[in-house]
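Written out below as structure tokens is the structure these notes cover.
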Amino acid sequence: MSEKIVLCEVQDRVALLTINRPDKLNALNKSTIEALSMELDRLQENSEVRGVILTGSGTKAFVAGADISEFADFDKEEGRALAREGQHNLFDKIAHFTKPVIAAVNGFALGGGLELAMAAHIRLASPNAKLGLPEVSLGVIPGYGGTQRLPELIGKGRAFEMIFTGKMIGADEAQGYGLVNRVVPAEDLITESISLMQQILRNSSSAIAAAITCVNAGFDSSKNGYEWEINAFGNCFGTEEFTEGTTAFLEKRKPQFG
Ligand code: COA
């Protein structure tokens, strides 16, 4: 039987999703995008799961990009469909996931791989991580949100330089840019990601979901982020977790969120 292209392990409310095409440096072909999208749908519905960690199998690559062999002979319409479907079915789904998503960047994160990491809410990287958007070297541009999310994360000037040169940057430089939150030893990357997630999950899941929505609204030109915040803040007052959080504080005990 062939290996699954996306592995999913759930432990203590955290799902670890591993993209499993190590021979192709975990490049994102159509089947991998579909499999990831389906796993995310399942995890969104699974109330036992509160957070997701994304990583790549092997020690060399997180994801080395979209699978170039699949789109080399596409025409304009097919190119548009590739970007549109990828953005809607996977990258936007991750960015708007209502449970926190951490990318554990364990090697090359290039093109669609960096775009995947950028769609996650938080990024940790191993020292061997190499991040870049090399698309212009192929005569194309980033199509899975890279031209939008890179400047959001690191500013326009640095984003233009990375996109124009197509050059990879190392983990430390990426940390200096704010492209990854921090660099941790390769052997600790998954444990650190899980431990960060467990720290997050001590807090109210419904409040975290609301915060994700509001932060995203602030980067969406069709929305007023401040108005979203006002509404979402108000909606927190009706939740059991708000009652538990405030009551626990006043009773000088730790909150017990579901
Ligand atoms: N799409 C399809 N296949 C890819 C791939 C991609 N984005 N990235 C790597 N692979 C495949 C290689 O073709 C090779 O397959 P093969 O063994 O069947 O020939 C295998 O993965 C290993 O890659 P290889 O190039 O031999 O490893 P390397 O260590 O010499 O180089 C990279 C590593 C990441 C520098 C190099 O693979 C690369 O430049 N990849 C493309 C990166 C890119 O442009 N991504 C953006 C796409 S839009």
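The figures here come from the full heavy-atom set of this structure, side chains too, leaving out hydrogens, waters and symmetry mates. Indexing begins at 1, ligand by ligand and atom by atom, following the structure's order. One-based numbering along the sequence shown.
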Under 3.5 Å: N/O of Ile68 near N/O of ligand 1: yes
Protein contact to atom 34 (C) of ligand 1 [nearest heavy atom, distance to 0.1 Å]: Leu110 CD1, 3.6 Å
Over all atoms of both residues, closest heavy-atom pair of Pro100 and Leu201: CG-CD2, 4.4 Å
Residue part near ligand 1, for Asp23, under 4.0 Å between non-hydrogen atoms: backbone
Side-chain donor or acceptor of Lys99 paired with backbone N/O of Gln44 under 3.5 Å: yes
Under-4.0 Å protein heavy-atom contact, atom 21 (O) of ligand 1: yes
Sub-3.5 Å N/O-N/O distance, Ala64 and ligand 1: yes
Check: Asp67 main-chain N/O paired with Asn29 side-chain donor or acceptor under 3.5 Å: no
Of the listed options Ser69, Pro22, Ala27, closest to atom 5 (C) of ligand 1 (non-hydrogen atoms): Ala27
Protein residue, atom and distance nearest to atom 13 (O) of ligand 1, heavy-atom basis: Lys24 NZ, 4.8 Å
Atom 38 (C) of ligand 1 touched by protein (heavy atom, under 4.0 Å): no
Check: Ala66 N/O within less than 3.5 Å of ligand 1 N/O: yes
Taking atom 2 (C) of ligand 1 as the reference point, the nearest protein heavy atom with its distance: Asp67 OD1, 3.3 Å
Derivation of the salt bridge (charged side-chain N to carboxylate O under 4.0 Å, His left out) call for Arg84 and Glu77: CA-CA 10 Å; Arg84 186 174 293 114; Glu77 262 322 303; 5.5 Å; no
From Lys93 atom NZ to Ser37 atom OG, the distance as rounded to the nearest 0.5 Å: 2.5 Å
Closest approach of any protein heavy atom to atom 31 (O) of ligand 1, naming residue and atom: Leu25 CD1, 4.5 Å
Ligand 1 N/O within reach of Lys60 N/O, cut-off under 3.5 Å: yes
Minimal non-hydrogen separation, Leu28 against Phe91, with atom names: CD1-CZ, 3.9 Å
Among Pro134, Gly65, Ala61, closest by any non-hydrogen atom to atom 43 (C) of ligand 1: Pro134
Atom 45 (N) of ligand 1 touched by protein heavy atom at under 4.0 Å: yes
Within-cutoff protein neighbour (heavy atom, under 4.0 Å) for atom 27 (O) of ligand 1: yes
Of Phe233, Phe249, Phe237, the residue whose pairing with Phe242 passes ring-ring contact (aromatic ring centres under 6.0 Å, His included): Phe237
Test item: protein heavy atom less than 4.0 Å from atom 18 (O) of ligand 1: yes
Asp92 and Gln87: CA distance, side-chain angles, deciding distance, side-chain hydrogen bond (donor to acceptor under 3.5 Å, both in side chains) verdict: CA-CA 6 Å; Asp92 292 350; Gln87 286 192 19; over 6 Å; no
Whether Thr18 side chain and Ser57 backbone form a donor-acceptor pair below 3.5 Å: no
Main-chain N/O of Gly56 paired to Asn26 side chain as donor or acceptor, under 3.5 Å: no
